[in-house]
Amino acid sequence: MSLNRRRFLSAAAAAAGSTALFPALGQSAFAQDRNIRHFWWGNPERDKRTFEVIRIFNEKNPGIVVTGETLGSADYFTRLTTQIAGRNMADAIQMGYGVMFEYIDRGAILPLDDYIGGALDISKMDESAISAGRVDGKLYALSIGANSHVSIYNTRLFQEAGIEFDPFGWTYDDLKRIAAEVKAATGVFGSDDGTADYQLFSDYVHQRGERLFTDEGNFGASPEIIADYFAIWTDMRTEGSLPPGQVSAGLVNAEISNWGIVTGQTAMSYAWSNQLVGVQNLIQDKLGAAMFPNTPEMIPGSIIQPSQFICLSRDTVDAEAAVGYMSAFVNDPDMTAVLGLERGIPANSDVRAALQPKLTEIEATSVAFFDGIQGKTMDLLPPPPNGAQEIEAMFERVAVAVLLDQGSVQDVASQIAREAEGIRRRSR
Amino acid sequence: MSFQSRLRRSMPGYVFLTPWLIGFFLLSIFPILASLYLSFTDYDTVRAPEWIGLENYQYMFEFDYRFWQSLKVTFLFVFLSVPAKLIFALIVAMVLDKGIRAVGWYRALFYLPSILGGSIAVAILWRQLFNADGVINSALRVFGIQGPYWLSDPSYSLYTLVVLAVWQFGSPMLIFLAGLRAIPQDLYEAAEIDAATPARKFFAITVPMLAPVIFFNLVLQMIEAFKSFSGAFIISGGTGAPLDSLLFFTVYLFSEAFSYFRMGYASALGWVLLIIIAVFTAIAFWTSKYWVHYENERG
C-alpha cells in the first residue's frame, strides 16, 4: 500500500487520462451516444493496454462510447467506496476475488444471468472461471484472468549456488536449506521474509489440512498453526538466511519495485502469478517460477482463482451496453490480444490458443508454471465471509510484532486468533 | 428604520453572499449534520443506514483498543510537535527580525515547506529521506553511525513525523515575525540602559509582549496537529504501520470509513475528534486568562 514512483506515475497517468476524457464525454453527450464508464485499478502497463482495448471497442461499436478510469490498487477501493456512497459508480468495475463477495453481499454489484446468450457470451469460458464468479447460483462476475500463488526466484543466483529443487513439490525444509545455501554462496539473502505475508500464511493453513474460514465463517487457523508458521520464518531469520526483521517490517505489502528480488536484496519473493511479467520487467536476471513451499505431507494449499473480475455495478446507466463491453473484454480476439496475460491467464480457451504463439519468454514461463501446477492445487474455496479483508489487514499488522521481536511467537499467534474472532463478530 | 426598509438596504449584500451561503450550507453544514446522524447508525455506504443509537460510541469506548491506541498516538504527536514547532518558529523569527541582508528571500525560503507541507510529495520525500538506506542514514554512515530503521521501528516512526511537522514552521514563523515587529523598541532600549541580559530581555519583554501571538499560534497549530493526516497516511501506507505506531486518529477514521464499510462508526469517530479539539481549545482559552495580556487591556 505504499506510494512510490510506480504508483505515483500511475496516478499521474490516471489524472492525465481522466483529463483526456472530458472532450470525449462532451462530444458523446452531444451526439446522444450511449456512455459506459469502465473503472479498474492498474499500473502503467495495464493502463496502456486497457485504454487501447477501449479504443478498439469504441471503433468497432459506433453508438457506444466507453471511457476508462484508473487508479492504483490502494486508492481504487477508496474511490469506489466514495462512488458507492454517491451512487455514481462506473458501469463496469474491476473486482478482486477476495473483496468481491462483500460488495455482492451488500448489493453493490448486479447479477448477469439475464444477459447470458444475449449481450453476454460465456460459451467459451472455462467452467471453473464461471463458477468462481457465482454466488448463490447467480453469476456476478466475469473472470479476466486466472491466477495462483507463485514463488519467484532469481535463476542466476540459484545457479551460482548450485541449487536443485522441484519447483512443484518442495517443502519449507527445502526452503530453509536453499535459503542458507544461497546466502552462503552468493551473499544475497535467500528469500523474502514471509512472516507477515498473508498469502503464504493462508496456503500454510491449507497445507496443514485446515481451512482459513470454516463453513460458519469462523477463522479456522488455530494459535498453534499460526505459531508454527511464525516459527518456520523465525528460524530462517535467526540463521541469517533472511533480511533482518526490521527491514522486512518495512516491506509488508510493499509495491513490486520494493520487493527483495527486485532490489537485489534477496533471491526469492512471493507473488501472484500474473505479477511475474511485471517483476521481470524490472530486473535483468532471468526469473524462475515455483509453487509456494509446502509441508512434508504435501497437502495442496494454493488455489487457482481469477486474478480479477469485471463486474456490472448497481449504478449502471445502460446495463445492456455495459454487459456488451464486458463480454467483448473477455471474448473479442483483437481486444484480448492487446490485454495478453497481463491480468492473468485468460479463461477463454480460444483466447488462450490465439495468444500461445506470441508469448514472450516470461509469459511462456508463467504459462509453463500454470501447466505445472495443474492437479497440485486445491479446489476453489467457498466465498470468504464478510470481514475477511479486515482479518487479512489485521494479520499483516499484528505479525510485524514477530519481525520486530516484540512479543513471543505464541503470544502474537494467540492475539491474531483472538482479533480475527472479534472482527468476525463485528462484521455483519 | 422599519424592518422592511432595513431589509431592502441589506438585500444586495445577501444577494452577493448567496453563492458563499449555498456552499456553506450544502458543503459544510449539511455534511456535518449528516455525519452526526450517521454516527448513530450502522451506515455501510451501500445499504440504507439503520438507527442503532449509541452503539458506535459504546463500542468505541468499551472494546476498541485501536481507538485508544490512535488517541495515544495523536496526543503524543500534538504534545511533541506543537511546542517544538512553536519554539523553532520563534527562534527563526527572532533571527530574521534582526534585519539580515536579503531577509525577504529567507522569509520566502523558510515559508516554502509550509506551502508544500500538507502535500503528498513531501510525505513521499520524507519516506525516501528516512528509509533504512535513505539519505539520513547514508549521511550518518559517513560518520560511522548505523542509523536506526526510522520508519519500520515503532520506537522511532512517530518522531520522524514530529520532525516533519516542525519543518513546516513557516506560517507560525511569519505570524511571530509580525508580532515581534509590533513590540515597541523603546522597551528594549530602556532595558538596555538598565543593563538587562539578553535572556532577561527575552523573558521580561519579548514573551509577555508576544503572548497574544503565541496564544493564537498555539491554538491554530494544536487544531492542525489533531487533524494531521497525510504524512502518517502516506508513510504508513494508510495502515498506521509499524505496529500502529503511526495510527493517527484521522488515519484510523479513514480506514474504518473507506476500507471496512463502517461509515457510521467513522462518523462517530469524527465527532469524538471534534469534541476533543473543542475541549482542548476551550482549555487553552481558559488558561490564557493567566498568561496572555493584551496591550489595550487594563491591569
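Model, not experiment: these values are computed from the prediction.
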TODO: Considering non-hydrogen atoms only, spot the tightest contact between B:Arg47 and A:Asp105 and give its length.
DONE: NH1-O, 4.0 Å
Open item on the list: Any carboxylate oxygen within less than 4.0 angstrom of a Lys/Arg side-chain nitrogen, looking at B:Arg262 and A:Glu390?
Closed with: yes
Open item on the list: When you compare the side chain of B:Phe261 with that of A:Gln389, does any pair of heavy atoms fall below 4.5 Å?
Closed with: no
Task: Within 6.0 Å of CZ in B:Phe143, more than 12 heavy atoms from elsewhere - done: no
TODO: Return yes when atom CZ of B:Arg66 has more than 12 non-hydrogen atoms of other residues, nucleotides or ligands closer than 6.0 Å, and no otherwise.
DONE: yes
- [ ] Identify which part of A:Arg87 has an atom lying under 4.5 Å from any heavy atom of chain B, answering side chain, backbone, both or neither.
- [x] side chain
TODO: Using non-hydrogen atoms and a 4.5 Å limit, figure out which bit of B:Glu55 sits close to chain A: side chain, backbone, both or neither.
DONE: neither
Open item on the list: I'd like to verify something: which residue of A:Leu80, A:Leu403, A:Thr81, A:Val247 has the highest number of heavy-atom pairs under 4.5 Å with chain B?
Closed with: A:Thr81
- [ ] Between chain A and each of B:Leu151, B:Leu243, B:Ile235, count heavy-atom pairs under 4.5 Å; write down the option with the most.
- [x] B:Leu243
- [ ] Locate the shortest heavy-atom distance separating A:Ile84 from B:Thr45; write the atom from each residue and the value.
- [x] CG2-O, 3.4 Å
Open item on the list: A cation-pi test, strictly: NZ or CZ of A:Arg426 under 6.0 Å from the centre of the six-membered ring of B:Tyr265 and no more than 45 degrees from its axis. Yes or no?
Closed with: yes
Open item on the list: Could you check whether atom OH of B:Tyr159 has more than 12 heavy atoms from other residues, nucleotides or ligands sitting under 6.0 Å from it?
Closed with: no
Task: Which atoms of A:Leu404 approach chain B - backbone, side chain, both or neither, heavy atom under 4.5 Å - done: side chain
Open item on the list: If you count heavy-atom pairs within less than 4.5 Å of chain A, which of B:Ser152, B:Pro242, B:Ser255, B:Pro154 leads?
Closed with: B:Ser152
TODO: Give, as side chain, backbone, both or neither, the part of A:Gln406 having an atom under 4.5 angstrom from any heavy atom of chain B.
DONE: side chain
TODO: Go through the atoms of B:Phe63 and report whether side chain, backbone, both or neither lie under 4.5 Å from a heavy atom of chain A.
DONE: neither
Open item on the list: Report which part of A:Gln265 has an atom under 4.5 Å of a heavy atom belonging to chain B: side chain, backbone, both, or neither.
Closed with: neither
- [ ] Might you point out which heavy atoms bring B:Val46 and A:Arg314 nearest each other, and give the distance in Å?
- [x] O-NH1, 3.4 Å
